[in-house]
Amino acid sequence: MAEHLARLNPEQRMAVETTDGPVLVLAGAGTGKTRVLTTRFAHILLAGKASPGQVLAVTFTNKAAREMRERVAALLGRPVEGLWLGTFHALAARMLRRHAELVGLSPQFTILDADDQLRLLKQVMEAERIDAKRWPPPLVMGQIQRWKDRGEGPARVTPAMAGDLAGGRMIALYAAYQGRLKALNAADFGDLLLDITEILRNNPDVLAQYHRQFRYILVDEYQDTNVVQYLWLRLLAQGRHNICCVGDDDQSIYSWRGAEVENILRFEKDFPGAKVIRLERNYRSTAPILAAASGLIAHNAGRLGKTLRPGGAGGEGGEKLAVLSLWDSEEEARAVGERIETLLKSGDSLAAMAILVRAGFQTRAFEERLITLGIPYRVIGGLRFYERAEIRDAIAYARLLVQPGDDLAFERIVNVPRRGIGAAAMKTLHEHARAADMPLTKTAENLLAAGSFRGRAGEGLRTLLAALAMWRETLAREGHVMTMRQLLDESGYTDMLKADKSPDAPGRLENLKEFVRALADFETLAGFLDHVALVMENEENAESDKISLMTVHAAKGLEFDTVFLPGWEEGLFPNQRALDEGGVKALEEERRLAYVGITRARKRVIILHAAQRRIYANWQDSIPSRFLDEIPEEWLTRGGSAHSVRVSRPRVATSFPRDARAGTPARHTLTARRRFAEGARIFHEKFGHGTVITAENDSLEIAFDAAGVKHILAQFVEPA
DNA sequence: AAGGTTAATGTTTTT
DNA sequence: CATTAACCTT
């Protein structure tokens with residue numbers, strides 16, 4: 001162990017050895033965060049301060065959890081058993097299963113995915129007679145999720161919070177949705193943390209049990225915690241306070257998912273006497289990359305403050321960041337392709353390169369270009385294995401075997417493959433089920449036994465129910481792998497795919513084979529189902545030499561020699577929609593995202609922007625991102641076919657006020673001069689005339705005459 | 001119950 | 001433009 005400590009720099013070592021009391025480790029990008037976290041974990045165990053089961057270690061992703069587990073085992077020189085190491089959701093689920101009755105669930109509850117949630121909500125809305133046209137279910141779902149992220153169950157939501165959503169009946173709707181979840185013995189993702197937090201809050205004996213158990217708490221990516229996660233941690237840390245949170249406020253990029261940077265900013269207040277340790281020595285990137293990133297992020301207010309310094313021996317030298325100005329998005333893709341080919345010729349590997357985009361649709365142009373050039377690539381993100389329709393169908397069958405009362409699973413597969421059970425049959429089934437307050441399968445059984453379900457639908461239902469009963473027997477006798485293999489054949493599912501002439505049918509069959517293979521890794525079907533619900537990830541084979549294409553969000557935590565950052569244009573990055581919704585706060589998050597993008601690079605950054613970009617149907621003029629002006633010019637090398645043109649004859653974006661965005665040098669003075677008083681009348685290109693309600697620096701809250709209340713940056717409006 | 005047609009709608013998505 | 005969900009027709 002001593003040798004592991006010796007490999008740390010003084011700050012890292014401090015972060016590892018300060019085991020007791022609250023500790024906040026502010027770990028900048030590439031400063032050895034994971035090393036600190038894992039060494040600290042191992043140190044606690046080796047120093048005999050706690051046994052493996054007495055440390056609670058929380059991450060956001062399964063990947064991070066897996067990595068921590070492996071590295072701790074490597075440090076200890078043996079695999080460790082009995083760890084409470086996992087994602088927030090996995091750990092919460094594990095706790096919740098132990099105390100499920102306390103919130104009206106049984107321990108075998110099903111964890112619903114986003115698709116199930118939405119379908120369930122639609123049903124509840126229909127039952128509550130709430131117009132789905134006026135109140136789009138995804139929007140309503142979003143509100144429910146936000147409440148859950150903030151630890152607010154239906155009982156805590158006030159009419160003021162609910163507003164006029166769902167015609168003023170939002171609270172009742174939320175309560176009804178929760179009621180249905182409990183009736184189905186199901187929990188959605190938000191419930192996992194909401195429910196366990198509620199349990200810990202209301203049951204001192206349960207909380208005391210965990211207090212006795214957990215001597216140390218380790219939290220990764222603390223800047224991304226939302227309110228419930230924070231409440232859950234605070235409850236568990238109560239009393240002993242041996243909590244160590246690692247994070248970087250400059251890399252908080254998930255506020256739209258409920259994350260609150262304030263959690264990390266407030267740490268010292270929350271945990272008095274907390275020790276704050278800054279890791280600022282960066283061992284990843286060259287000096288110009290660090291300087292550029294630091295210069296950019298310095299434009300954010302309200303940071304905890306941290307400056308990345310080159311930590312390695314080779315801190316000096318390094319290429320400046322290249323900025324390429326191109327005419328249009330196609331030329332942008334071509335320019336990236338050319339650079340890749342040049343790098344390949346000089347011996348670089350594709351695996352060491354990445355193209356990081358702001359939005360998913362941008363990847364397409366690059367994919368096309370890479371295909372024509374014959375450059376192998378991999379797109380990270382997108383549809384994940386367990387989200388594919390055929391896999392979800394198979395999972396629904398499995399869920400139905402484990403829980404016959406799983407109505408959502410039943411509905412999904414009742415007519416897949418076709419059994420002649422359509423909307424009409426399902427309607428009667430639903431009516432009877434509701435009247436008798438019984439699951440759909442049980443209702444179907446009763447109706448068939450009573451002889452009141454005839455015709456093709458009745459026949460189909462009878463066959464399905466008989467088959468389900470048979471598979472359940474097989475499950476008990478032969479185990480889950482054999483059962484699912486048989487089920488897929490006997491249900492007619494594989495035949496359905498074999499008969500399918502569409503080009504992706506063979507792939508789907510292949511996926512199902514993979515599904516059965518994956519089943520074998522688990523002892524029980526229930527264990528497998530938990531895995532698919534909580535570990536929705538794509539196993540990427542990082543073996544082959546391919547360039548990675550992904551969003552900047554997806555790239556957090558990764559690193560590459562060369563990073564391409566295309567689409568640095570106003571409206572795209574920073575994203576206009578984010579700005580419209582979130583004002584200055586959103587702009588700062590966009591800036592952090594840009595910071596994350598740049599700091600992914602070890603050696604080389606190429607930022608690109610196009611003067612014209614095709615958005616949907618038509619071409620739109622675009623001007624360079626303000627972030628380009630915020631990076632100190634000394635670290636940039638400008639080039640590209642549209643470079644000089646852009647300077648002498650700046651193009652004007654249609655959706656932006658002309659004067660504020662015209663030339664680079666004048667920009668700051670213009671935006672700085674623009675001040676609006678409360679009550680001032682203004683005009684916005686898109687939303688028209690309005691009145692300023694509140695003005696905070698350059699973030700305005702504006703009541704538009706036609707478009708409602710919005711948060712807008714001052715630079716996007718002009719006096720009316 | 002199934003297939004074809006139209007209309008709406010386009011950021012990011014760790015679990 | 002291109003995808004997807006809701007709708008309408010047979």
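Any value given below was found using the heavy atoms of this structure, including those in side chains, with hydrogens, waters and symmetry copies removed.
When the C1' atom of B:dT13 is taken as reference, atom CG of A:D113 falls 14 Å away, rounded to whole Å. Between A:K585 atom NZ and B:dT11 atom C1' the separation is 19 Å, expressed in whole Å. What separates CG of A:D149 from C1' of B:dT14 is a distance of 12 Å, to the nearest Å. When rounded to the nearest whole Å, the span between CD of A:Q145 and C1' of B:dT14 equals 14 Å. Remark: P of B:dT9 and CZ of A:F361 are 19 Å apart, rounded to the nearest angstrom. Between A:Q362 atom CD and B:dT12 atom P there is a gap of 9 Å when expressed in whole angstrom units. Going from atom CD1 of A:I380 over to atom C1' of B:dT12 covers 16 Å, rounded to whole Å. Atoms CG (A:L139) and P (B:dT9) sit 11 Å apart, rounded to a whole Å.
Remark: A:R614 does not engage A:D328 in a salt bridge, criterion side-chain N to carboxylate O under 4.0 Å. With respect to A:D248 and A:K556, no salt bridge is recorded, no charged nitrogen being found less than 4.0 Å from a carboxylate O. With salt bridges taken as basic N to acidic carboxylate O contacts below 4.0 Å, none links A:D621 and A:R613. By the 4.0 Å N-to-carboxylate-O rule, A:E570 lies close enough to A:R626 to be salt-bridged with it. A salt bridge links A:K585 and A:E262; the closest N-O separation between the charged side-chain nitrogens and carboxylate oxygens is under 4.0 Å.
Sorted by first and then second residue, the salt bridge (charged side-chain N to carboxylate O under 4.0 Å, His left out) pairs involving residues 118-132 of chain A (not counting sequence neighbours) are A:D116-A:R119. Legend: side-chain hydrogen bond (donor to acceptor under 3.5 Å, both in side chains) pairs involving residues 136-148 of chain A, not counting sequence neighbours, sorted by first then second residue: A:Q117-A:Q145, A:Q143-A:W147, A:K148-A:Q178, A:K148-A:D188, A:K148-A:D191.
Shown here are the ring-ring contact (aromatic ring centres under 6.0 Å, His included) partners of A:W256, two or more places apart in sequence or in another chain: A:Y254, A:H553. Among residues two or more places apart in sequence or in another chain, the side chain to side chain donor-acceptor pair (under 3.5 Å) test is passed with A:N185 by A:S106, A:Q403. Evaluation of the ring-ring contact (aromatic ring centres under 6.0 Å, His included) rule for A:Y595 yields no partner, not counting sequence neighbours. Shown here are the ring-ring contact (aromatic ring centres under 6.0 Å, His included) partners of A:F515, two or more places apart in sequence or in another chain: A:F528. Here A:E67 pairs with A:R71 under the salt bridge (Lys or Arg N to Asp or Glu O under 4.0 Å) rule; sequence neighbours left out. Every residue two or more places apart in sequence or in another chain that forms a ring-ring contact (aromatic ring centres under 6.0 Å, His included) with A:W84 is listed here: A:F214.
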- Message: Treating primed atoms plus P, OP1 and OP2 as sugar-phosphate and everything else as base, which nucleotides of nucleotides 1-10 of chain C get B, S or - for protein heavy atoms under 4.0 Å?
- Response: SS---SS---

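Distance from the side chain of A:T87 is smallest for B:dT15 among the nucleotides B:dT14, B:dT11, B:dT15.
A:E387 comes within 4.0 angstrom of no nucleic acid atom, judged by non-hydrogen atoms across all strands. A:A359 comes within 4.0 angstrom of sugar-phosphate atoms only, judged by non-hydrogen atoms across all strands, and of no base. Here A:A533 lies out of heavy-atom contact (under 4.0 Å) with every strand. Among the protein residues, A:A424 comes within range of the sugar-phosphate backbone only, with heavy atoms under 4.0 Å from sugar or phosphate atoms but none that close to a base.
Dashed line: the shortest gap from a side-chain N or O of A:N575 to OP1 or OP2 of B:dT12 is not under 4.0 Å.
Applying a 4.0 Å cut-off to non-hydrogen atoms, the residues of residues 548-557 of chain A that approach DNA chain B are A:T551, A:H553, listed by residue number. Against DNA chain B, the stretch residues 244-258 of chain A makes heavy-atom approaches under 4.0 Å through A:Y254, A:W256, A:R257.
Relative to the ring axis of A:F627, A:R591 does not place its NZ or CZ within 45° and under 6.0 Å from the centre.
For the residue pair A:E569 / A:S625, no side-chain donor-acceptor distance below 3.5 Å is found, with atom types taken as modelled.
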Write out a two-atom table: protein N or O, nucleotide N or O from nucleotides 2-4 of chain B, distance below 3.5 Å.
{"residue": "B:dA2", "atom": "OP1", "partner": "A:R418", "partner atom": "NE", "Å": "3.4"}
{"residue": "B:dA2", "atom": "OP2", "partner": "A:N415", "partner atom": "ND2", "Å": "3.4"}
{"residue": "B:dA2", "atom": "OP2", "partner": "A:R418", "partner atom": "NE", "Å": "3.3"}

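For A:A259 and A:A457, each mapped to the nucleotide of DNA chain B holding its nearest heavy atom, the one lying further toward the 5' end belongs to A:A457. Looking at which nucleotide of DNA chain B each of A:A423 and A:G360 is closest to, the 5′-most match is held by A:A423.
The separation of C:dA5 from B:dT12, taken at their P atoms, amounts to 16 Å, rounded to a whole angstrom.
One N or O donor and one acceptor, one from the side chain of A:R358 and one from the base of B:dT11, sit under 3.5 Å apart.
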